[in-house]
2 protein chains.
Amino acid sequence: MTTAKSDTLASRIGKTLADRIISGAIEAGARLRQDHVAEEFGASHVPVREAFRLLESQGLVVSEPRRGVRVAGFTREEVREVAEMRAALEALALRHAVPHMTRAILDQAEEANRAGDRARDVHAWEAANRKFHGIILAPCGMPRLLKAIDDLQTASARFLFSGWRAEWEAPTDRDHRAILDALRAGQSELAVSVLARHVQTIGQKRPK
Amino acid sequence: MTTAKSDTLASRIGKTLADRIISGAIEAGARLRQDHVAEEFGASHVPVREAFRLLESQGLVVSEPRRGVRVAGFTREEVREVAEMRAALEALALRHAVPHMTRAILDQAEEANRAGDRARDVHAWEAANRKFHGIILAPCGMPRLLKAIDDLQTASARFLFSGWRAEWEAPTDRDHRAILDALRAGQSELAVSVLARHVQTIGQKRPK
DNA sequence: ATTCTCAAAATTATCTATAATTTTGCCGAA
DNA sequence: TTCGGCAAAATTATAGATAATTTTGAGAAT
């Protein structure tokens, strides 16, 4: 998750805070105080407020008027909700991506999948996993849909990093391979249904 | 769309601007200049900037860094995209709402539907239509999903008010009745598929 | 006439300061 | 001891001011 040097200050602060929330460095329910954040970044609180709004739109914090923002909690129910939404939207995206799918794209996806195999820590694995999903869905050419999926993937990653899920390699990789195989064989609907089931299982692992 | 008197200034400005964009009072592609808006509302530009962020998260404006925000355009492609996303998410919501569906809820929905019949102008009809969808989907109890659907309905309303669609009564009401009938008969999957098709047709009307 | 350059004007982004609200902690009364 | 209320501290929200960037337009060169 690169902290793009060029962007506006608010979005840079937002991205950094997002990383911390996702990685669990800031725990759920913690209050974020604009002055403290501003001081840390050597900025004033105006861009900090805007960063908060960005995080709010991604569902990473909740904001009560006049009472500040706090890191959004995520109950098992919410995790399930995100997983179901992801399943529905990624299925939609894949259906629209299929007509534009090329051999080259599938090869890229396979490479991302192999990178996931090689990953030693959860962060590297998550990056590869997100890349895989991104590669096979991007050809749908629906920017709003892709943005929504990306936000949901961020929420999922938060769940993943929380340590609730201990094991993550084997079943996911099998699913990824099955999806690629189905796509290569031209069995789009099979690929879609495997993807949908695959995404849903993410939310169904038992807490630690 | 009530401009809640109590909320924070930023969200009040945001709601007012949203109404204008949806109703077409501000045309697509128009630039929104923070000083002008601030002056009109007798406020400073800090809350205006936050209002812009709110609109951005709803997809009503697009913001280029250092170059301000402009009202999001909506091509036929984008309208279709929103319709497909709505179909996918509303289908998901209805599936989860069905187990919690009661006779009373269905009666409320029927009443909202009748209000739609009585509507004389597009605005009243849209309000009733949104209410109908809201009533049958709310029991799913998935707040993030409902919020996403609401944003998509807003985008749809924008399309509706743009005048591209001339006629709107008959087919929609027939669909609504079919959904209610299916729900009453316990045929959930039928209701879901009618709803999905129904929402998708919204994006398929020809431009004027 | 067209295009390029440069300066002025407009606009955005950020900072500093002020007002309003909420939280916190202490003190007294039951 | 516990509860309620009041005052001080902390924090959020907004306003006003400054810096930086982009847009605009005029004038010169081709």
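Note: hydrogens, waters and symmetry copies are ignored here, and every other heavy atom, side chains too, is used. Each chain gets a letter, A, B and so on, in the order the sequences are listed, and its residues count up from 1.
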inquiry  = I need the CD-P distance between A/E64 and D/dT12, as an integer number of Å.
reply    = 12 Å
request  = Output, in order, the C-alpha distance, side-chain angles, deciding distance and verdict of side chain to side chain contact (heavy atoms under 4.5 Å, CB included) for A/R177 and A/N113.
outcome  = CA-CA 8 Å; A/R177 293 239 152 69; A/N113 200 25; 3.8 Å; yes
inquiry  = Taking the six-membered ring for Trp, are B/H133 and B/H198 closer than 6.0 Å centroid to centroid?
reply    = yes
inquiry  = Assess, by modelled atom type and distance only, whether the side chains of A/R86 and A/S156 contain a donor and an acceptor separated by less than 3.5 Å.
reply    = yes
query = If you look at every heavy atom in B/V194 and B/D175, which pair is closest and at what distance?
reply = CG1-O, 4.0 Å
query = Could B/R103 and B/D107 be called an ion pair, given the rule that one side-chain N must be under 4.0 Å from one carboxylate O?
reply = no
query = Using the ring of each side chain (for Trp, its six-membered ring), is B/F74 parallel, tilted or perpendicular to B/F159, with breaks at 30° and 60°?
reply = perpendicular
request  = Please state how far atom CD in B/Q34 lies from atom P in D/dA15, giving the value in whole angstrom units.
outcome  = 13 Å
query = Atom CZ of B/F41 to atom C1' of D/dT14: distance rounded to whole Å?
reply = 16 Å
request  = Between A/R31 and A/G42, just flag the one whose closest nucleotide in DNA chain C comes earlier from the 5' side.
outcome  = A/G42
ask   = In whole angstroms, how far is the C1' atom of D/dT23 from the CZ atom of B/R70?
value = 12 Å
request  = Report the distance from atom CZ of A/F52 to atom P of D/dT12, rounded to the nearest whole Å.
outcome  = 7 Å
key: Segment of DNA chain C, first to last nucleotide, that comes within the 4.0 Å heavy-atom reach of chain B   = C/dT11 to C/dT14
ask   = So does B/E110 pair up with B/K131, basic N to acidic O under 4.0 Å?
value = no
message = Between B/R144 and A/E78, does any side-chain N to carboxylate O distance fall below 4.0 Å?
response = no
Nucleotide N/O of nucleotides 16-18 of chain D paired with protein N/O under 3.5 Å:
unit_1	atom_1	unit_2	atom_2	d
D/dA17	N6	B/H45	NE2	2.9

inquiry  = Tell me the interatomic distance from A/L32, atom CG, to D/dA13, atom C1', rounded to whole angstroms.
reply    = 17 Å
